[in-house]
Colleague: 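One structure, as structure tokens, below. Some questions next.
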Amino acid sequence: MKKFLVVLSVLLLTSIQCNAKDVWVNNLRSEFLDNSSVIYEINIRTFNAKDKDGNGIIDIEAGEESGNFINAIERLDELKAKGITAIHVLPVTPVGKTKALGTAGSLYAAAGFDSLNPQLKNNSLDMSIEEQARKFIQAAHDRGIAVIFDVPACGSYDLFLQSPELFVKDASGQPVIPADWTDVRLLDAGNENQINQDLLRTYKKYVDLVMSLGVDGIRVDVAHCKPAKFWKELIEYSRKIDREFLWLAESSDSWKEAVSPKSVFTPYDKLLAAGFDGYYGSFFNLKNWKTAKELENQVNLNLSLEKKIGSPKSVIGSFTTHDELSPILEKGKDYSRMIMWLNATLPVNSYFVDGFETGDEYIYFWANKKAKKTYTDDEYYFAHRGKIDIFNFSRKPGGKDMDLQEEFIHSNQCKLIVKNILKDGSFRFLKTSSPSVFSYAVSNVSQTVIVVGNLDFRTSLHDVKISVPKINKATPIMPLVLKNIPTLSKGKIITNLNGGEIQVFILENFSIK
């Protein structure tokens with residue numbers, strides 16, 4: 001690791017630039033389309049929660065403090081030091097308390113779209129919640145960090161009782177429950193022929209609210225459950241105010257069905273054509289992929305988006321999100337390491353969940369047990385096993401693996417190197433001698449980054465051959481992530497790979513056209 005740090009520090013002397021600006025100018029959309037963003041997903045309610053007794057639950061009545069906009073500022077320097085350039089803030093809308101899940105209510109069970117969740121206010125300060133949110137966003141901007149807010153796809157039962165015209169109803173007049181999300185009800189956005197103007201106005205109020213706070217973009221929850229025409233009008237509405245305002249769709253090329261028979265389904269490509277700058281893709285399927293070809297197909301699909309849509313588009317490295325099981329539980333520490341370096345070296349925007357970099361398993365010992373205190377009509381601590389908690393007042397995310405965190409920081413720094421090489425260079429996959437081993441090269445006229453990984457997490461492979469045109473024994477090689485130095489021969493790299501191992505190295509004064 002020490003050799004890795006020395007090499008990387010030298011490389012970064014000419015690569016790192018300070019992103020902080022005296023006056024913030026939003027350029028998130030441009031950076032996203034350039035695959036430059038390192039996005040960190042946070043739940044304000046837990047981001048900097050003060051769990052004094054260490055039992056994992058925030059007991060507000062006992063003087064413990066839940067995460068809020070003000071105490072979240074304390075962690076921004078930490079994020080900057082880790083290489084984060086943008087924060088994806090999970091929903092900050094008020095949450096429903098009727099027919100709820102969890103003792104605080106699900107972040108995605110929106111009880112309104114024109115105000116902020118009062119749970120996120122620091123009540124010790126004589127400031128409105130809007131002022132506190134602006135203070136948090138400005139503090140992020142002061143550190144060169146952009147802010148993306150999430151907009152929920154559905155509404156709570158409380159909102160239905162207040163505004164039934166916003167919802168899809170069944171034959172008996174009751175709001176429709178989408179999929180198995182029992183705490184939310186399906187909003188009625190209409191269809192491509194006629195969109196629901198009431199809901200459009202509601203979402204415009206949300207856009208007005210977040211833009212007035214200084215937010216730089218919106219991530220849309222389950223974007224495919226509304227028609228493209230709905231999003232096109234809303235995106236154009238925001239772009240009249242800020243051309244750099246980012247729109248990221250939670251959508252995937254592997255999702256083919258509507259969330260309910262009563263819902264529309266808009267495929268990812270139509271969402272992109274409607275104005276979204278990017279989508280999730282299907283990288284979350286990495287855990288199931290057995291062959292390098294599956295990874296290659298996904299990357300090539302994303303690289304073809306601009307040609308298919310007719311304008312620049314991008315994707316996030318959705319290997320892990322709040323909807324995905326902790327990588328540590330999924331395939332262990334090596335899986336987390338692979339996710340880091342794929343985000344750093346693929347043509348994607350890096351994406352991570354709060355706690356990922358220290359190996360949080362998101363195991364809550366109190367999960368699904370009866371609570372002593374609840375703020376909703378649910379008396380139980382509802383939680384998804386192995387996923388960050390979005391239903392309760394709970395602990396700050398984070399594990400104890402400092403080695404993993406150190407590598408996380410340096411993989412994000414390495415992304416700057418790869419970005420600079422790609423500016424005037426190219427990306428291409430390389431042939432390997434094993435179907436489970438992927439390899440690709442990022443190359444310009446003077447440098448080439450080679451990445452090799454083993455998708456078989458159970459089997460070590462020896463003497464794996466990677467075809468690299470014009471390489472030979474004399475080619476200078478600089479290791480970034482290597483447990484052993486590979487052998488170079490004419491037209492080939494030969495290396496050994498443990499199960500799930502990823503290797504990254506730089507070939508100096510070497511180019512692959």
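These numbers were taken from a predicted model, which means no experiment stands behind them.
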Colleague: Hey, which of Phe245, Phe32, Trp24 is the one that makes side chain to side chain contact (heavy atoms under 4.5 Å, CB included) with Asp216?
Modeller: Trp24
Colleague: Assert yes or no for the condition that the ring centre distance of Tyr351 to Phe319 is strictly below 6.0 Å.
Modeller: no
Colleague: Quick test of your reading of the model: are Asp403 and Arg337 salt-bridged, counting only N-O distances below 4.0 Å?
Modeller: no
Colleague: Please identify which of these residues, Lys82, Arg45, Arg75, Lys387, meets the salt bridge (charged side-chain N to carboxylate O under 4.0 Å, His left out) condition with Asp354.
Modeller: Arg75
Colleague: Ignoring hydrogens and angles, state whether a donor on the side chain of Gln503 or Glu501 is under 3.5 Å from an acceptor on the partner side chain.
Modeller: yes
Colleague: Does this structure show an ion pair linking Asp51 with Lys396, if we count only N-O contacts that are shorter than 4.0 Å?
Modeller: no
Colleague: Is the Trp289 ring parallel, tilted or perpendicular to the Phe283 ring (thresholds 30°, 60°)?
Modeller: perpendicular
Colleague: Would you mind checking if Glu74 and Lys50 are paired as a salt bridge, meaning a charged N to carboxylate O distance below 4.0 Å?
Modeller: yes
Colleague: Of the options Val220, Val259, Val264, which is the one that meets Cys225 in a side chain to side chain contact (heavy atoms under 4.5 Å, CB included)?
Modeller: Val259
Colleague: If you apply the rule ring-ring contact (aromatic ring centres under 6.0 Å, His included), what do you find for Tyr40 with Phe352, and how did you get there?
Modeller: CA-CA 5 Å; Tyr40 195 78; Phe352 308 102; 7.6 Å; no
Colleague: Do Lys287 and Glu324 meet the salt-bridge criterion of a basic N to acidic O distance under 4.0 Å?
Modeller: yes
Colleague: Does atom CD of Glu78 have more than 12 heavy-atom neighbours, drawn from other residues, nucleotides or ligands, at distances under 6.0 Å?
Modeller: yes
Colleague: Between Tyr335 and Phe457, is the gap from one ring center to the other below 6.0 Å?
Modeller: yes
Colleague: Applying the side chain to side chain contact (heavy atoms under 4.5 Å, CB included) test to Tyr362, which of Ile328, Leu329, Val353, Asp389 qualifies?
Modeller: Val353
Colleague: I'd like to know whether the aromatic ring centres of Tyr440 and Phe427 sit less than 6.0 Å apart in this structure.
Modeller: yes
Colleague: I'd like to know if Asp463 and Lys465 make a salt bridge, using a cut-off of under 4.0 Å between side-chain N and carboxylate O.
Modeller: no
Colleague: Verify the ring-centre separation between Phe382 and His384: is it less than 6.0 angstrom?
Modeller: yes
Colleague: State whether Asp277 and Lys313 are salt-bridged, where the test is any N-O pair (Lys NZ or Arg NE/NH1/NH2 against Asp/Glu carboxylate O) under 4.0 Å.
Modeller: no
Colleague: If we ignore angles and hydrogens, is there a donor and acceptor under 3.5 Å between the side chains of Glu31 and Thr85?
Modeller: no
Colleague: Just how far is it from atom OG of Ser434 to atom CG of Leu497, taken to the nearest 0.5 Å?
Modeller: 8.5 Å
